[in-house]
Every structure is written in structure tokens, then in C-alpha cells.
Number of protein chains: 2
Amino acid sequence: MTAPAPLPTVCAALGDPTRWEILTRLGEGPMSASALAKVMPVSRQAIGKHLEVLREVGLVESEQRGREVVHVAVGARLGALARELDRIGRSWETRLLRLKELAERPADPETAEGSADR
Amino acid sequence: MTAPAPLPTVCAALGDPTRWEILTRLGEGPMSASALAKVMPVSRQAIGKHLEVLREVGLVESEQRGREVVHVAVGARLGALARELDRIGRSWETRLLRLKELAERPADPETAEGSADR
DNA sequence: GCAATGTGCAATTCAAAGGTTGCACATCGA
DNA sequence: TCGATGTGCAACCTTTGAATTGCACATTGC
């Protein structure tokens with residue numbers, strides 16, 4: 001790993017339908033760029049660029065095998081992303097809940113933030 | 001919900017840094033587009049467009065409040081996305097593992113792909 | 001040795017996305 | 001009532017990104 005790859009960047013990598021198709025195929029087993037190009041409606045070069053994007057965010061790992069280079073989808077990377085998103089989502093809900101409680105009992109001084117006058 | 005909003009689309013919505021900043025702010029509490037524009041380095045109109053994108057994939061919900069419209073980040077939507085990604089990531093790893101096992105014992109006919117007996 | 005196959009790199013095309021400005025219109029508040 | 005504030009819509013500009021074509025170079029296998 002070179003850099004942790006910021007959240008928006010990883011999501012951007014997952015934001016393209018063609019890349020999802022590539023990932024889906026690689027999820028079933030290792031493949032070369034040429035092999036992917038044969039079963040997909042885009043050129044081998046285009047696929048190569050997508051693979052680079054995916055590799056930069058850690059969603060794909062590549063390995064030279066003789067004449068060709070085989071790529072594979074990294075499930076662990078996707079799992080890590082999922083955990084991050086889940087954590088953030090929970091924090092949003094928690095704060096929202098707190099705000100609602102605050103709004104429903106505006107007359108109770110004990111539940112005020114810091115409970116100090118202000 | 002109007003449509004389930006396909007995975008790549010939701011990820012694409014999360015693929016922009018500006019939208020992440022919007023989401024982060026909205027995660028702390030409801031805000032109007034104008035309020036967001038005052039604390040961010042982009043115009044109110046630009047923020048409006050981002051909010052529409054986020055609303056279309058269910059990451060933001062909006063509510064008319066008198067003269068203004070307040071928006072809020074939907075944690076549940078992010079959680080749902082996280083679960084989808086996690087499930088997919090696991091399936092990748094599972095298949096990879098199966099392939100590796102297959103590769104490590106190529107001489108055993110009992111574990112061959114077609115072998116039906118458990 | 002030589003054709004076939006697999007890659008990498010560069011130049012180019014084209015559409016979409018992010019951002020801005022300008023304007024009209026509704027609403028809140030003093 | 002009138003000014004300040006908040007929205008929505010539309011036109012426009014600029015950059016980014018997805019995809020293509022073309023070419024040179026390495027490797028495999030007959």
C-alpha cells in the first residue's frame with residue numbers, strides 16, 4: 001500500500017459501471033486485461049486504464065504471470081470500505097436522534113448541552 | 001423511494017469531495033443550501049446541484065420549512081450501501097479461497113470440481 | 001525463425017460533470 | 001410596505017474522464 005486512499009477516491013473508483021463489470025468478473029477468478037476485453041464491449045486499452053484506477057485504490061491486485069498479467073478483485077478492501085461507511089452512517093443517525101430528543105423536550109433544562117446557561 | 005438506485009450510481013454520488021463535505025456537515029444537523037454555501041467555498045447553486053444528486057440516491061432528505069428548505073444526511077442509506085459492499089467483498093474472498101484450495105491439491109481426484117460426494 | 005498473442009505508451013476525440021453568473025419570484029421580519 | 005434572505009431555473013464555461021486508434025516491444029509456441 002502506498003497511501004490509505006481517501007474515501008471519496010475509493011468511492012469514485014466504484015462509481016463507474018464499466019469498472020463494476022470488471023470487478024464482478026475478476027471476483028469470479030483472476031483474468032488478464034485481454035481476456036476481459038474479449039468478453040466486454042470496450043477496448044483492451046480502456047480496460048487497462050480502469051484496472052490502474054482500481055489498483056491505485058487497492059480494489060485490484062495484479063501479478064505478472066509469464067507473458068500476461070492477471071488481475072484479481074480484493075474483497076478485503078471492499079470490506080474495509082464497508083466498515084468505514086457503516087461507522088459514518090451510524091454517527092449520522094446518532095446525532096439526528098439526539099437532535100430530535102432535544103427538540104421534543106425543549107423545556108427540560110437538564111438535557112441541555114453542557115447543562116449550563118448560555 | 002422512487003427507484004432502488006443502482007450500486008455504481010450511489011458510489012458515484014459519494015465519489016465527489018465536495019459532496020462528502022456537504023454530507024459531513026449535514027451529518028451534524030439539518031441545514032439549508034444557503035447556510036452550506038456560507039461555510040463552503042462554492043456557490044449556493046453548485047451546492048443545490050450536489051444536493052439533488054445526493055437526494056436522488058437517497059443519501060439526503062429535504063424538507064420545506066417556511067421560507068427555506070432544510071436537508072439532512074440519511075445514515076440508514078449509507079448503512080444499507082455498506083451491507084451490500086460487505087456482502088460482495090465476502091463473496092470475492094470466498095471464491096478466491098476456493099480457487100487457491102483447488103490449486104494447492106491438483107493431484108487429488110476426490111476434490112476435483114465435479115466431485116459430488118461432499 | 002516467425003506468426004500470434006499480450007502489454008505499454010501516446011495522441012486524440014467527445015460527452016459529461018462541476019462550477020459560475022444572472023434573473024425572477026416567494027417569504028420573512030421590522 | 002419594503003428590504004433582506006432563500007430558492008429555482010437557465011445559459012454558459014472549463015476541465016475531467018471514458019474510450020478510441022495507432023504503434024512499438026516482449027513473450028510464447030509451433
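Hydrogens, waters and symmetry mates play no part in the numbers below; they use all other heavy atoms, side chains included. Residue numbers begin at 1 in each chain, while the letters A, B, ... track the order of the sequences.
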Novice: With rounding to the nearest 0.5 angstrom, report the NE2 to CD1 distance, A/H71 to A/I22.
Specialist: 9.0 Å

Novice: Rounded to whole Å, please give me the gap between CZ in B/R44 and P in C/dC25.
Specialist: 15 Å

Novice: Answer yes or no: does atom CD of A/Q45 have more than 12 heavy-atom neighbours from other residues, nucleotides or ligands under 6.0 Å?
Specialist: yes

Novice: Provide the start and end nucleotides, 5' to 3', of the part of DNA chain D that has atoms under 4.0 Å from heavy atoms of chain A.
Specialist: D/dA18 to D/dT28

Novice: Under 3.5 Å, side chain of B/E93 to main-chain N/O of A/V74, donor-acceptor pair present?
Specialist: no

Novice: Please figure out whether A/T18 or B/S32 has its closest DNA chain D nucleotide nearer the 5' end.
Specialist: B/S32

Novice: Rounding to a whole Å, what distance do you find between B/R19:CZ and C/dA17:C1'?
Specialist: 9 Å

Novice: Starting at CD of B/E52 and ending at P of C/dA16, how long is that distance when rounded to a whole Å?
Specialist: 16 Å

Novice: Can you check salt bridge (Lys or Arg N to Asp or Glu O under 4.0 Å) on A/E28 and B/R95, steps first, answer last?
Specialist: CA-CA 6 Å; A/E28 301 186 11; B/R95 295 193 188 178; 3.7 Å; yes

Novice: Base, sugar-phosphate, or nothing for B/G48, non-hydrogen atoms under 4.0 angstrom?
Specialist: nothing

Novice: Go nucleotide by nucleotide along DNA chain C from the 5' end; which of A/A35 and A/K49 gets its closest nucleotide reached first?
Specialist: A/A35

Novice: Does a nitrogen or oxygen in the side chain of B/H50 sit under 4.0 Å from OP1 or OP2 of C/dA17?
Specialist: no

Novice: Identify whether any heavy atom of A/S43 sits under 4.0 Å from a base atom; if not, whether one sits that close to sugar-phosphate; answer base, sugar-phosphate or nothing.
Specialist: base

Novice: Can you confirm whether B/R25 is buried at CZ, in the sense that more than 12 heavy atoms of other residues, nucleotides or ligands lie under 6.0 Å from that atom?
Specialist: yes

Novice: Looking at C/dG18, does its base get a donor-acceptor pair with the side chain of B/Q45 below 3.5 Å?
Specialist: no

Novice: With a 3.5 Å cut-off and just heavy-atom distances, do the side chain of A/K38 and the base of C/dT5 make a donor-acceptor pair?
Specialist: no

Novice: Could you tell me whether the side chain of A/L14 reaches within less than 4.5 Å of the side chain of A/V57, counting heavy atoms only?
Specialist: no

